[in-house]
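To start, the structure under review is shown below, and the notes come after it.
Both ligands and their constituent atoms are indexed starting at 1 by order of listing.
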Amino acid sequence: VSLLEDGYKLIVIDSNINSSPLALVRVKEILQNKNIAIEEIIFKNGDIRDVNFINNVFKEASLANNPITAVIHFAGLKSVFESVKNPSLYWDVNVVGSLSLLKVMEYYDCTTIVFSSSATIYGDDWSGSIVESTGLEPKSPYGNTKAAIEKILEDFFKISGNNWRVANLRYFNPIGAHPSGMLGENPLGIPNNLFPYICRVAKGEYKNLVIYGNDWPTEDGTGVRDYIHVMDLAASHRAALDYLFNNEPQFISLNIGTGRGTSVIQLVDTFKRINNCDLPYVISKRRKGDVPTLIANNQYALSKLDWSPSKSIEDMCKDGWRWNLLNPKGFENR
Ligand code: UDP
């Protein structure tokens, strides 16, 4: 939505293994509702590991005199828990998939890429506000794959004679939904993450939230994270593309967070207050691998990009809940 509002032409590639093709129908509806005319969004269903498939997408675009000029690479598996159980799947989809994409990009001389990285690559040996120069020490196969992809991108950049334009966006904790209530997330199975779990408790699907520890060294004892509204996250991608297009070729890593911390209890209280709903919880022991506090130092991103996150925790709770209320079963069932 953000890119189309800005006049970009898009080709979307997705295997749809954990997403719905209806999301793109909704994207078009949102723009129509805003009277924004867009060209057809080209959609290609396929797997990122399939070099022939990716090659055909690039070839078709070139033959149509509309060569692909940049890629935003979000394609990957993203469950820390699942990655511990099945690391080879994560290396295959995330790393082999990225490599097949990069080889095709190189072939077609498309050398501008914004990559969805993650704050999880910083590991868990620190606490507090993190800067980009912090050493990478991922603690899960998922984190390892994100760090490895950053390294591969760096090598592509170097071997090209520093000619690629690469932005690694290291996401902190994205939550919320499009303010229209028409686009949002619906994780398969029991959510591992706090916000989708809160939504399911509020909907009455689960009896209560389980808070992993109230004995952390934080103000109220519960874990503190840097939650960022998905619309601010989306805007950071648009800003990163603009930045890459308008500056010298470079390899850059940016923390995408608000720089503000919110505890589990604070998020629960805000959600209840803003949405006027009940949210029972119980306290259990700490979850393995968790850290007390994880907050982005976002100064570098703010200084480089024409971007700053503008949405509050209240906005995140309101928009996320609106999406859940309007789409209790996700895209398939309004
Ligand atoms: N959390 C919790 N209960 C849950 C899920 C998460 O108390 O059901 C806590 C978790 O311990 C952490 C915070 O919520 O302090 C954010 O966790 P999440 O999994 O959403 O993101 P993470 O920062 O771990 O990637």
Side-chain angles (χ1 to χ4, degrees), residues 76-85 90 116-130 134 136-147 169-177 184-230 233 255-272 279-298 313 316-317 320-321 324:
L77 300 176
K78 66 172 193 72
S79 159
V80 171
F81 182 67
E82 185 186 46
S83 79
V84 174
K85 286 193 302 183
Y90 272 66
S116 304
S117 190
S118 167
T120 194
I121 62 177
Y122 293 121
D124 61 7
D125 285 344
W126 41 265
S127 203
S129 168
I130 305 151
T134 306
L136 303 190
E137 282 188 46
K139 291 289 183 283
S140 69
Y142 166 70
N144 285 336
T145 65
K146 289 287 173 185
L169 301 188
R170 296 177 177 166
Y171 302 0
F172 279 67
N173 290 57
I175 60 170
E185 66 172 334
N186 182 38
L188 291 176
I190 301 171
N192 292 309
N193 295 117
L194 180 61
F195 194 79
Y197 204 101
I198 284 180
C199 291
R200 298 225 174 146
V201 175
K203 280 191 280 188
E205 281 179 36
Y206 304 137
K207 209 166 79 209
N208 50 251
L209 171 70
V210 179
I211 295 182
Y212 298 130
N214 64 353
D215 56 352
W216 294 100
T218 61
E219 214 170 294
D220 61 25
T222 63
V224 170
R225 294 291 181 276
D226 186 336
Y227 297 97
I228 177 165
H229 195 295
V230 283
L233 182 72
N255 284 342
I256 304 299
T258 63
R260 287 189 310 265
T262 304
S263 75
V264 177
I265 294 280
Q266 284 169 339
L267 188 64
V268 166
D269 285 346
T270 307
F271 193 98
K272 275 164 57 176
L279 216 51
Y281 64 78
V282 294
I283 306 286
S284 90
K285 60 181 187 347
R286 295 179 179 185
R287 181 170 66 174
K288 207 164 165 258
D290 268 351
V291 290
T293 303
L294 174 46
I295 301 172
N297 179 323
N298 63 6
I313 289 287
M316 300 176 210
C317 290
W321 183 229
N324 272 275

Can you report which non-hydrogen protein atom sits closest to [atom], along with the distance?
| atom | value |
| --- | --- |
| atom 24 (O) of ligand 1 | R287 NH2, 3.0 Å |
| atom 1 (N) of ligand 1 | Y212 CD1, 3.6 Å |
| atom 12 (C) of ligand 1 | R225 NH2, 3.6 Å |
| atom 21 (O) of ligand 1 | N173 ND2, 3.1 Å |

Point to revise | Set of side chain to side chain donor-acceptor pair (under 3.5 Å) partners for Y142, sequence neighbours left out | key: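 Side chain to side chain donor-acceptor pair (under 3.5 Å) list for Y142, sorted by chain: empty.
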Review point. If you draw a 6.0 Å radius around CD in E219, do more than 12 non-hydrogen atoms from other residues or ligands fall strictly inside?
Key: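 Not buried by this count: 12 neighbours or fewer within 6.0 Å.
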Check your understanding: Considering only heavy atoms from C-beta outward, does the side chain of T218 approach that of T293 to under 4.5 Å?
Key ->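 Counting from C-beta outward, T218 and T293 do come under 4.5 Å.
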Point to revise | Test side chain to side chain contact (heavy atoms under 4.5 Å, CB included) applied to L194 and L209, step by step | key: CA-CA 9 Å; L194 180 61; L209 171 70; 3.8 Å; yes
Practice item. Would you mind finding which of N214, I175, L194 brings a heavy atom closest to atom 6 (C) of ligand 1? Key: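 Among N214, I175, L194, the closest heavy atom to atom 6 (C) of ligand 1 belongs to L194.
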**Study point:** Selection from V224, V210, T218, V80 by shortest heavy-atom distance to atom 3 (N) of ligand 1
**Key:**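 Looking at heavy atoms only, V210 sits closest to atom 3 (N) of ligand 1.
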Review point. Can you find a non-hydrogen atom of Y227 under 4.0 Å from ligand 1?
Key: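 Checking ligand 1 against Y227, which is what was asked, there is a heavy-atom contact under 4.0 Å.
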Exercise for review: Run the contact test for L294 against ligand 1 with a 4.0 Å cut-off on heavy atoms, strictly below, and give the result.
Suggested key: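 No; L294 lies far enough from ligand 1 that no heavy-atom distance drops under 4.0 Å.
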Check your understanding: At what distance, to the nearest 0.5 angstrom, does CD1 of I228 lie from CG of N298?
Key ->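 With rounding to 0.5 Å, CD1 (I228) is 8.0 Å from CG (N298).
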**Study point:** Proximity of T222 to ligand 1 by residue part, where a heavy atom lies under 4.0 Å
**Key:**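 No part of T222 is near ligand 1 at this cut-off.
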